[in-house]
Number of protein chains: 2
Amino acid sequence: MSRGMRFAAREVLASQGSPGDGVFTITEGMVRIYRLLADGRRQVLGFALPGDFLGLSLFDVYSFSADAVTDTVVCSFPRKSFVAYADQRPHLMGRLYEFASHELSLAQDQMVLLGRRTAEERVGTFLIMMRDRLRRLGHTSPTLPLSMTRQDIADYLGLTIETVSRTFTKLANAKTIVVVPDGVRMLRERDLERLAAG
Amino acid sequence: MSRGMRFAAREVLASQGSPGDGVFTITEGMVRIYRLLADGRRQVLGFALPGDFLGLSLFDVYSFSADAVTDTVVCSFPRKSFVAYADQRPHLMGRLYEFASHELSLAQDQMVLLGRRTAEERVGTFLIMMRDRLRRLGHTSPTLPLSMTRQDIADYLGLTIETVSRTFTKLANAKTIVVVPDGVRMLRERDLERLAAG
DNA sequence: CGACGGCTTGATAAGCGTCAACTGAGGTGG
DNA sequence: CCACCTCAGTTGACGCTTATCAAGCCGTCG
């Protein structure tokens with residue numbers, strides 16, 4: 001019942017408030033998930049990497065928008081069949097519930113970050129988080145490919161593009177990282193971990 | 001399998017990282033849910049009112065702390081029996097999943113608030129949100145009883161106690177609200193709704 | 001080559017945080 | 001019964017962090 005779909009960078013996968021007729025798994029690429037305020041302010045809720053799910057909700061409208069950061073391949077299910085299928089498998093429903101609880105816990109981490117952490121801590125936490133996620137996908141080098149823009153990072157961390165840039169520069173001056181084209185090389189992961197620590 | 005429990009104001013219901021052996025529904029009172037950073041910074045994740053759930057997760061440690069704002073009565077289930085019970089009822093599991101998805105959506109609203117809104121918008125949104133929740137509990141007057149402290153509100157909104165206080169004063173000067181002992185009376189809900197609007 | 005978009009850097013300013021003093025309500029005890 | 005303490009809240013003065021505005025750099029692409 002699934003089918004593959006490709007999205008070019010910047011193409012929209014889902015739009016806040018529009019009928020949520022698809023459920024996705026990312027196969028390749030990266031998707032940014034966000035909400036917009038009426039005046040254009042944007043909060044990026046997360047970046048979805050291969051293996052991540054999107055639109056996994058029984059509700060019938062998307063509560064967020066999503067578009068492709070890079071060219072992206074997804075595996076898509078019509079929502080109706082997904083719901084019908086899940087309803088027949090108690091075990092699957094349990095997994096979904098666990099998954100949603102875990103997402104909720106991550107959202108709460110992000111609430112702490114947005115409500116109580118400094119710019120430097122936010123950036124450090126972001127880098128460590130990306131490192132851990134990429135690691136789980138088999139990427140072990142200390143050079144993180146950050147394919148999203150500074151604006152995306154800023155909107156994810158509740159900062160401005162300039163503050164993100166200056167914070168990268170500050171970390172680079174401290175020899176904690178090196179800023180490279182399309183990414184960051186971590187020199188002292190310990191220092192970043194200290195920034196990210198609870 | 002449930003049993004009633006009472007907690008006096010400030011008593012702890014759950015502690016982050018400790019074995020999550022209970023699942024609760026609030027019957028009376030109010031509970032604050034929060035996370036702490038190592039240096040004591042606190043982010044309040046939410047306030048639980050009668051009818052709300054707590055600790056509804058299949059995971060075996062609490063990912064948050066919770067204590068009573070006012071004297072509180074809860075209905076508590078041992079988590080093991082709760083999990084076992086839910087596993088036997090596919091329909092219940094579906095409801096739980098819907099519930100978790102909804103919570104996630106609310107957490108995302110809060111991420112937008114914390115990442116992108118001004119102090120005045122945060123306070124306005126907070127008041128409108130409390131109004132709506134109290135309304136659903138049958139409280140229809142425009143006077144909101146706010147039993148939590150300014151510090152709780154500040155930690156919920158990612159502000160300081162002083163900023164919350166000044167913002168209340170500013171709204172009071174604009175004749176939008178009146179600050180009363182243990183609460184706020186709303187004079188122009190429209191103005192607050194405008195602040196809260198997406 | 002020139003235009004454009006993403007990024008960095010600098011100068012300045014605003015918003016919110018920090019520190020400190022003050023008020024008022026409630027509780028305690030002499 | 002009232003002096004005193006404590007604690008929550010408010011207000012003021014000040015300053016820091018981060019935002020805003022503006023200019024310039026660099027790589028890419030038509």
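Lettering follows sequence order; numbering is per chain, from 1.
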_Rounded distance (Å) that lies between atom C1' of C/dG15 and atom CG of B/Leu114_ = 16 Å

*Please state how far atom CD in A/Gln151 lies from atom P in C/dT8, giving the value in whole angstrom units.*
12 Å

*A/Ala119 side-chain proximity, nearest of D/dG9, C/dC7, D/dT18*: D/dT18

_Between P on C/dC7 and CZ on A/Phe168, what's the gap in Å once rounded to a whole number?_
10 Å

*Measure the distance from CD1 on A/Ile161 to P on C/dT8 and round it to the nearest whole Å.*
8 Å

*Could you tell me whether the side chain of A/Arg35 and the main chain of A/Ser63 form a donor-acceptor pair under 3.5 Å?*
yes

*Round to the nearest Å and state the distance from B/Leu146 atom CG to D/dT10 atom C1'.*
16 Å

*Looking at the side chain of A/Leu159, which of C/dC7, C/dC16, D/dA19 is the nearest nucleotide?*
D/dA19

*Checking all strands, does A/Val179 fall into the base, sugar-phosphate, or nothing category for heavy-atom contacts under 4.0 angstrom?*
sugar-phosphate

*Can you tell me how far P of C/dG17 sits from CZ of A/Arg117, to the nearest Å?*
17 Å

*Under 3.5 Å, is there an N or O donor on one side and an acceptor on the other linking the side chain of B/Arg166 and the base of D/dG12?*
yes

*Once you round to the nearest 0.5 Å, how far does CZ of B/Arg185 lie from CG of B/Leu144?*
11.0 Å

*Do the side chain of B/Arg116 and the base of D/dT18 come within less than 3.5 angstrom through a donor-acceptor pair of N or O atoms?*
no

_Heavy-atom closest contact (B/Gly158 atom, A/Arg116 atom, distance)_ = C-NH1, 3.5 Å

_A/Arg122 CZ - D/dT17 P separation (whole Å)_ = 14 Å

*B/Arg10 near the nucleic acid: base, sugar-phosphate alone, or nothing, with a heavy-atom cut-off under 4.0 Å?*
sugar-phosphate

*Hey, mind stepping through B/Asp155 and B/Arg32 against salt bridge (charged side-chain N to carboxylate O under 4.0 Å, His left out) and telling me if it holds?*
CA-CA 11 Å; B/Asp155 287 349; B/Arg32 71 191 141 229; over 6 Å; no

*Taking the side chain of A/Thr169 as heavy atoms from C-beta outward, which of D/dT10, C/dT9, D/dT18 is closest to it?*
C/dT9

_Short side-chain to backbone donor-acceptor contact, B/Gln43 and B/Leu37, under 3.5 Å_ = no

*OP1, OP2 of C/dC16 versus side-chain N and O of B/Thr163: anything below 4.0 Å?*
no

*Is A/Glu162 side chain donor-acceptor paired with the D/dC21 base, going by distance under 3.5 Å alone?*
yes

*Atom CZ of A/Arg150 to atom C1' of D/dG27: distance rounded to whole Å?*
14 Å

